[in-house]
Structures are given as C-alpha cells and as structure tokens.
Amino acid sequence: MTDSIHDFTETTLSSETVYRGKLLHVLEDEVRLLDGRAARREYIRHPGAAVMVPMPDPESVVLVRQFRYPLARHFYEVPAGKIDPGEAPLQAARRELREECGFEAGEWRHLATIHPCIGYSDERMELYLARRLVPVEQAPDPDEFLEVLTVSLAEALRWVRNGRITDVKTIIGLMWAERAAAGEW
C-alpha cells in the first residue's frame, strides 16, 4: 500500500498551553485547513511509553492487575510505563519490567510502535516481547500498587474475548504473543 497523493496537512497558526502536569501537557492550537479556513485542535502531549509482553515460557504471559483511577476500576494489563526524558524505549522497558514485575529478561524483541489515541494525543507506545525471564527484586513506584500474575496465554486470550481484558495495549500485546507462541517468527 502506498500513501495517497492527497496532502491534508494542517499548518499551526498559534499554540496555547492549557495545562502542564507531571505527565501530560494539554494544548489548544489554531490551525489552517487545506481549504484555507481556520480550526481549533485540542490535544495532549505525552512522553511515550514502553510496553512489554513478558513470556516466562511459550505458553504463559505475565500480567499486572491494577486500579485505574480515570475509569474507577481494576484492569488486567501487560506491564508498561512512561519513558523518562533522555531514556531509550528499551531501557524504559527493562526498568519497568524490574520495577513492576520483579523480572529481568535475557531476550528482548521490538514488536511494534503503537499510537493508541491519534485523535487527541501524540502518545506512542513501543511494544516489546520479553523472554528468558529471571526473577529479581520487585521495586514498584511508591504510589503504584499492583498484583503480578502469570497466566496461560490461552486464558489471557479468553479474557480478551469475554471482555475481562479491554486495555488496547494489552490486547495488541497478547495478539503478538500468540504469534510468537505459534512460532511465526
């Protein structure tokens, strides 16, 4: 597939910071549309995240269960965390796997780059497969409370189908894990 010949690029006319927090930066820009009219765009700048699918063996995955305040419920997820300033995505993935799950991995493979909310954020997630896991001391952030569990890949995929897992990065990660378990690469 090739890119279309049409260019719908919008040109920034002005940009205003609406909110700047520790993690998110909210902006409102005025842009020039292709037809010459002006429009407003509200969006979030995000530092990016490293996401990992830890597989202790070809048939199992490590998940975390944690409370997510914006949706006021617990979620089952693959481990992930923000990329710190100056940190390489793989370095962030290694750090997060140690901190959240108490593992180091002897084998890493970059699977994909995901843009989970392109309509309102520049967030990018770098997705990795982590294998040959070795237990180490877990060290979650002081404000991070989570449960680490190992489940069969088949069970995790059932949780996707029955709606127990709804997190998009986790669904994508498990689909990649299924391919890895099938020996597709």
Side chain of [X], backbone of [Y]: donor and acceptor closer than 3.5 Å?
{"X": "Ser121", "Y": "Ile44", "value": "yes"}
{"X": "Thr170", "Y": "Val78", "value": "yes"}
{"X": "Arg98", "Y": "Gly102", "value": "no"}
{"X": "Asn162", "Y": "Arg164", "value": "yes"}

When you group the ILVMFWY residues by side-chain heavy-atom contacts below 4.5 Å and let the links chain together, are [Y] and [X] in the same group?
{"X": "Leu127", "Y": "Ile171", "result": "yes"}
{"X": "Tyr76", "Y": "Trp176", "result": "yes"}
{"X": "Val62", "Y": "Val136", "result": "no"}

- Task: Return each pair, listed once, that meets salt bridge (charged side-chain N to carboxylate O under 4.0 Å, His left out) where at least one residue sits in residues 79-92; pairs must be two or more places apart or across chains.
- Result: Lys82-Asp84, Asp84-Arg95, Glu87-Arg95
Partner set under salt bridge (charged side-chain N to carboxylate O under 4.0 Å, His left out) for [X], not counting sequence neighbours:
{"X": "Glu59", "answer": "none"}
{"X": "Arg45", "answer": "Asp122"}
{"X": "Glu96", "answer": "none"}

Going by the rule side chain to side chain donor-acceptor pair (under 3.5 Å), which residues pair with [X] if we only count those two or more places apart in sequence or in a different chain?
{"X": "Glu155", "answer": "Arg158, Trp159"}
{"X": "Asp7", "answer": "Thr9"}
{"X": "Glu28", "answer": "Arg40"}

- Under-4.0 Å salt bridge between Glu107 and Arg109: no
- Query: Does the pair Glu10/Arg41 count as a salt bridge with the N-to-O cut at 4.0 Å?
  - Reply: yes
- Item | side chain to side chain donor-acceptor pair (under 3.5 Å) contacts in which one or both residues fall within residues 135-146, not counting sequence neighbours | none
Taking the side chain as every heavy atom from C-beta outward, state whether [X] and [Y] have any pair of such atoms under 4.5 Å apart.
{"X": "Leu133", "Y": "Glu104", "answer": "no"}
{"X": "Arg161", "Y": "Leu157", "answer": "yes"}
{"X": "Pro140", "Y": "Glu99", "answer": "no"}
{"X": "Pro54", "Y": "Pro79", "answer": "yes"}
{"X": "Pro116", "Y": "Glu123", "answer": "yes"}
{"X": "Val31", "Y": "Leu13", "answer": "no"}
{"X": "Met175", "Y": "Val53", "answer": "no"}
{"X": "Ile172", "Y": "Val168", "answer": "yes"}

- Task: Test side-chain contact (heavy atoms from CB on, under 4.5 Å) on Leu63 and Val151 and set out the steps.
- Result: CA-CA 7 Å; Leu63 300 176; Val151 299; 3.7 Å; yes
List, one per line, each side-chain donor-acceptor pair under 3.5 Å for residues 20-27, sequence neighbours excluded.
residue : atom : partner : partner atom : Å
Arg20   : NH2  : His25   : NE2          : 3.3
His25   : NE2  : Thr17   : OG1          : 2.9

- Message: So for atom CZ, which belongs to Arg37, do other residues, nucleotides or ligands contribute more than 12 heavy atoms lying within a distance under 6.0 Å?
- Response: no
- Query: Between Lys169 and Glu77, is a side-chain contact (heavy atoms from CB on, under 4.5 Å) present by the stated rule, with each step listed?
  - Reply: CA-CA 8 Å; Lys169 72 182 179 305; Glu77 307 171 48; 2.6 Å; yes
- Query: Would Arg65 and Leu149 satisfy side-chain contact (heavy atoms from CB on, under 4.5 Å), going step by step from the backbone distance to the final call?
  - Reply: CA-CA 8 Å; Arg65 180 181 166 270; Leu149 58 153; 4.2 Å; yes
Can you pull out every ring pair (Phe, Tyr, Trp, His ring centres under 6.0 Å) where at least one residue sits in [range]? Sequence neighbours excluded, please.
{"range": "residues 131-158", "result": "none"}
{"range": "residues 42-63", "result": "none"}
{"range": "residues 110-143", "result": "His110-Tyr128"}

